[in-house]
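What follows is a single structure, written as structure tokens, with notes after it.
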Amino acid sequence: MVDLWYKENTDFKTIMPVILLLLLGIMSVYSATYDAGASVYFNRQLIWAAVGFALMITIMFIPFRTLQMLSFPLYGLSVIFLIVVLVMGKIVAGSKSWFGIGGYGLQPSEMVKVTTILALAAFLSERQVNLARWKNVAIAFGFVLLPVILIVLQPDVGTALVYLGMLVVIIYWAGATNFLMILLIAPVAAAVATLFGTTAFLIVIATTFILLFILRQNWLFSAMVFSFTVLMGVSVQYIFGKLAPHQQKRILTFLNPDADPLGAGYNVIQSKIAIGSGGFFGKGFLQGSQTQLNFLPAQWTDFIYCVPSEEFGFIGAFAILLFLTLILFRGVQIASMVKSKYASLVAIGIVAALGTHTVINIGMSMGVMPVVGVPLPFMSYGGSNLLTNMIMAGLLLNMYANRKEY
Amino acid sequence: MSEFNDIFPRKFVIFGAIGFVFILFLLRLIQLQVLYGDVYGKKSEENSIRQIARDPIRGMVFDRTGILLVDNRPSYTVAVTPSEFKWSNISYLASILSIDTITLREKIEKGIRYNRFAPVKVKRDIDFPTLSALEENKEKLPGVDYQVESKRFYPTGAKAPHLFGYTKEISDQQLMEVGNDYRPGDNIGATGLEAAYERYLRGQKGFELITVNAFGQLLGRYNDGMNDIPVREGNDLFLAIDAKTQALAESLMADKRGAVVAIDPSNGGVIAFVSKPDYDLTKFGSVTPVDVWKAFNTDESKPLFNRASLTRYPPGSTFKMVLAAAALEEEVIDLNWRVNCRGSYTFGSRVFHDLHVHGSTNVVEAIQKSCNVFFYQLMLKTGFEKWTRYGQEFGFGSSTGIDILEENPGLLPSNEVFDKMYGKGRWTQGYLLSLSIGQGELGVSPIQMANYAASIANMGFYHSPHAVQKILDKQTKQSQEILPQTRSFTLSANTWKLIREGMYKCVNEEGGTGQSAKVQNASVCGKTGTAQNPHGKDHAWFVGFAPKDNPKIAICVLVENAGYGGAFAAPIAGLCIEQYLYGELIREKPLRSISNLILMNQEDQ
């Protein structure tokens, strides 16, 4: 009987790519650290992978109701953690985002991603909550903005961006109106487009105008959203002009990394060289010259994608992209098949979190996204992140196992 | 759950978004890895493999007998690798190297602009105390290291700085001109043979391929050194110079101004090449301090100036053979044509002097005794054009083509030249009388005069003078002979006989002005000259060759402001000829007296 339950409730479509990514990640961390005198990272990563795997299975078996009930308390607890870390955390690489426990560091902002998803899901799945009401929208925003503000204070912009990605997707999934989505996305798009030039900015403005026209909502609101979008773009341009030259440079280097090959653009250039030089079949395990010669500082964290891309070539790079995409697709499927709205929102929140990480990290490594320090799910070195990812995988498995629950 | 009905289209939006990003990234992967994989592959190689240049040892220089003249010795150069250097150490390092902090900072910053991982040379040729101070503080000075370079070393008494020349650090301008083979901080031949034979002496840089990490730290040799490019040592030069003759000539010319050039008439090889005063080449070994440069450049005696090939002096009476040759060859006169010399010659309203009253003189005696009156009249009889034409045949008015590449072509006056200088019809025959005794506008260099002596020795056949006879490639062990350009002109046997007889008698017979050039059993032929010098005492000249039949050496000696050529230049020539022909000096007494005489003479001034 146990055998049957096991077959019935274990989602191998999630577990298999997770395990494969874990293995590739461990190999990559090994390769990136073994000649850099950093094998301690590999040993720790092994331990975390084991702990993470156990955690994933454990979470899969937590009763569904308990989970839902714990959502708010866990969220509250994690926000307190964020405040405490700001006051007494230790500074690593310029950010006050760590607790030191023994020799191991713990980064609350990682775990808080999970609790925020749970809390948001719990709130939005309440019967009376309707996103057509501005009050509820404001509360939903509040759930996300509170940790975001605390995280930006650390400061850790990358992680903050992940929260915003989560917010947009969850709100959308929870039934936000198209109008609300435009209100959320258009100003951000306008701000980013401004940095690419006037043409890009005008395209965003025009698209916003057309979408608002098609939706034909309240004219006054539409005009406000449109004005806000324009204002956002213009003010970003204004702020950009006021920035110190080195800050401008940092932003512009993202658009053209070759402009500053030994400075701000260094990582992007080295990372593109690492990936590109892998070619189709790669240079072989432990044979990647970029990786082995440590051209990228601390490559085992944010630039881990370069390692398999260089050593296993297109085959390896594609495999990782594929496994990550499969997990995301499976997450959306789970979100669609579960009966509980809470479970559905949790699943889609996890898809959003993992997806944002994947897009930013791989996009950054391939030179199509700005360099913001965000780890690659299941692969980057780092205990907090890996454990968080395994918890999220565990939650996906839990939602799948309880897909028939209401 | 009815709510989910309107969620379903959202499912496809999210599926679509994920799929869109997936395809976007896939295309980017194909672009990076499949389409441009080769490009990035190449970049990654350049990235991780660094070339460390190894400077070749500069070729050595030997004399005609195989004596080593120019060698190399190790010299220590301090280099700073900017990426490893700690700026807080800068004033400390500056004090160890005893240079000022600002200069040091500028040098390192210049290095950063070139490549912050590559060592930049900040001080060359440091002394031993500095080297040991660096060694002791190695731990405290990361990124500071020293490299062994070689500097020139001159083991014999033959210094010949104007011939050997020196190297100096390549300038930014030169770097742009000569391109890829050189890097900033490299040395390049600046003067003399070092410059003229730069491409042979230099050799080829070698490159060690080293794998480095992103911090520029060396990790080891690439492919066990299999792909390294080995250093090719520079080629050795074998000179025609005779070290002993050169050293003797240098010592005889000590404390004097002037030049000695000796040529092997059989092939144009330069046996001796002295320009005095000179300078100590070891001061130019690797880097020249500013104060040394200043001292040389402000020195009144101009030690850097190459008097052997860059001067342009009137040759005085040594030039008389040109006019004699022209007159004899054109049959203007013969041996029977005589002039009665009364010690002066009046032309128009001017009186042209002679040193002695020579009485009835023919062409042989005129050369022997250097009778001016004879040549004044001979010039008028022969004419300007012929004089100019024969002057050209002997190589005057144009460069000899000596292989150190620095010479003054001098000036051989002609109708056209005078017309240009003074205006047509504005100059008189009187000007020609000065030319007939080698004065006036005529300008020659000692190398031209030695070449002239060689052409008389060979009877019209001569080679462009060259210091280098052979270049040895140390890798292939093959040597390349230097084949000089040859020139020849024909004069009748009688003309040659009479001129050479005059020159023989000049040295070997009573009444000859060049008797102090006489060498036992060597039948030296020569001609003295005392060139008037508007700025001071006369310049003493001597040109000659020996032995008369089958000549082995042709020589020119110029001693500035010394006085009579017979008294001051001829004995030096004689001693050099003796040294060269016998391999040693068979007399000692005249050596001392000559040196002393001229020294005293200098003190008189």
Side-chain angles (χ1 to χ4, degrees), chain A residues 35-36 169 172-176 262 266 269-270 272-283 288-290 292-297 299 309-310 313-318 321-322 324-325 328-329 331-333 335-336 338-341 344 348 351-352 355 358-359 362-363 366-368 406, chain B residues 1-50 82-83 112-113 115-117 210-220 222-223:
Chain A
D35 235 10
V169 175
Y172 180 66
W173 195 252
L262 288 176
Y266 177 81
I269 291 172
Q270 294 301 335
K272 273 162 70 183
I273 291 174
I275 294 174
S277 67
F280 194 83
F281 295 107
K283 298 176 182 172
S289 58
Q290 299 288 303
Q292 299 309 325
L293 301 173
N294 307 320
F295 274 89
L296 281 161
Q299 196 177 8
S309 300
E310 186 185 17
F314 178 75
I315 313 270
F318 175 73
L321 193 57
L322 186 70
L324 284 165
T325 308
L328 297 179
F329 269 126
V332 182
Q333 275 183 342
S336 310
V338 292
K339 298 273 194 293
S340 152
K341 190 176 181 186
S344 178
I348 210 72
V351 167
T358 304
V359 169
I362 295 185
M366 298 198 303
V368 295
Y406 282 92
Chain B
M1 249 187 107
S2 62
E3 278 172 88
F4 279 88
N5 289 337
D6 68 299
I7 281 178
F8 281 123
R10 301 194 175 209
K11 171 176 154 183
F12 295 113
V13 169
I14 291 180
F15 269 139
I18 295 169
F20 176 74
V21 172
F22 175 77
I23 287 168
L24 202 76
F25 281 3
L26 185 61
L27 290 177
R28 177 65 171 170
L29 269 186
I30 291 170
Q31 184 193 24
L32 288 177
Q33 297 190 303
V34 183
L35 300 181
Y36 293 101
D38 294 344
V39 178
Y40 286 109
K42 208 155 175 240
K43 279 191 182 178
S44 99
E45 265 175 43
E46 286 164 4
N47 218 348
S48 55
I49 297 166
R50 186 151 297 142
S83 60
I112 292 174
R113 283 197 294 278
N115 179 352
R116 72 191 166 109
F117 299 117
I210 305 279
T211 49
V212 294
N213 65 12
F215 309 103
Q217 291 163 331
L218 306 187
L219 300 177
Y222 171 71
N223 200 8

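Computed from heavy atoms alone, side chains included, the values below leave out hydrogens, waters and symmetry copies. Naming: A, B, ... by sequence-line order, numbering from 1 per chain.
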Does any part of the side chain of A:Ser309, heavy atoms only, come nearer than 4.5 Å to the side chain of A:Met366, both counted from C-beta?
no
Tell me, side chain or backbone of A:Leu324 under 4.5 Å from chain B's heavy atoms, or both, or neither?
neither
Is there side-chain contact between A:Val368 and B:Phe25, with at least one heavy-atom pair below 4.5 Å?
yes
Is B:Leu26 close to chain A through its backbone or its side chain, or both, or neither, when contacts mean heavy atoms under 4.5 Å?
both
With a 4.5 Å limit on heavy-atom distance, are the side chains of A:Val332 and B:Phe12 in contact?
no
Would you mind telling me which of A:Ala274, A:Gly355, A:Ala176 has the largest number of heavy-atom pairs within less than 4.5 Å of chain B?
A:Ala176
The reported gap from CZ in B:Phe15 to CZ in B:Phe22 (rounded to nearest 0.5 angstrom) is 14.0 Å
So for B:Leu35, is it side chain, backbone, both, or neither that comes closer than 4.5 Å to the heavy atoms of chain A?
neither
What residue in B:Val34, B:Leu29, B:Leu32 has the most heavy-atom pairs under 4.5 Å with chain A?
B:Leu29
Quick one: do B:Lys43 and A:Ser277 satisfy side-chain contact (heavy atoms from CB on, under 4.5 Å)? Show the steps, please.
CA-CA 8 Å; B:Lys43 279 191 182 178; A:Ser277 67; over 6 Å; no
Can you tell me which of A:Val169, A:Thr358, A:Leu321 forms the most heavy-atom pairs within a distance under 4.5 Å of chain B?
A:Leu321
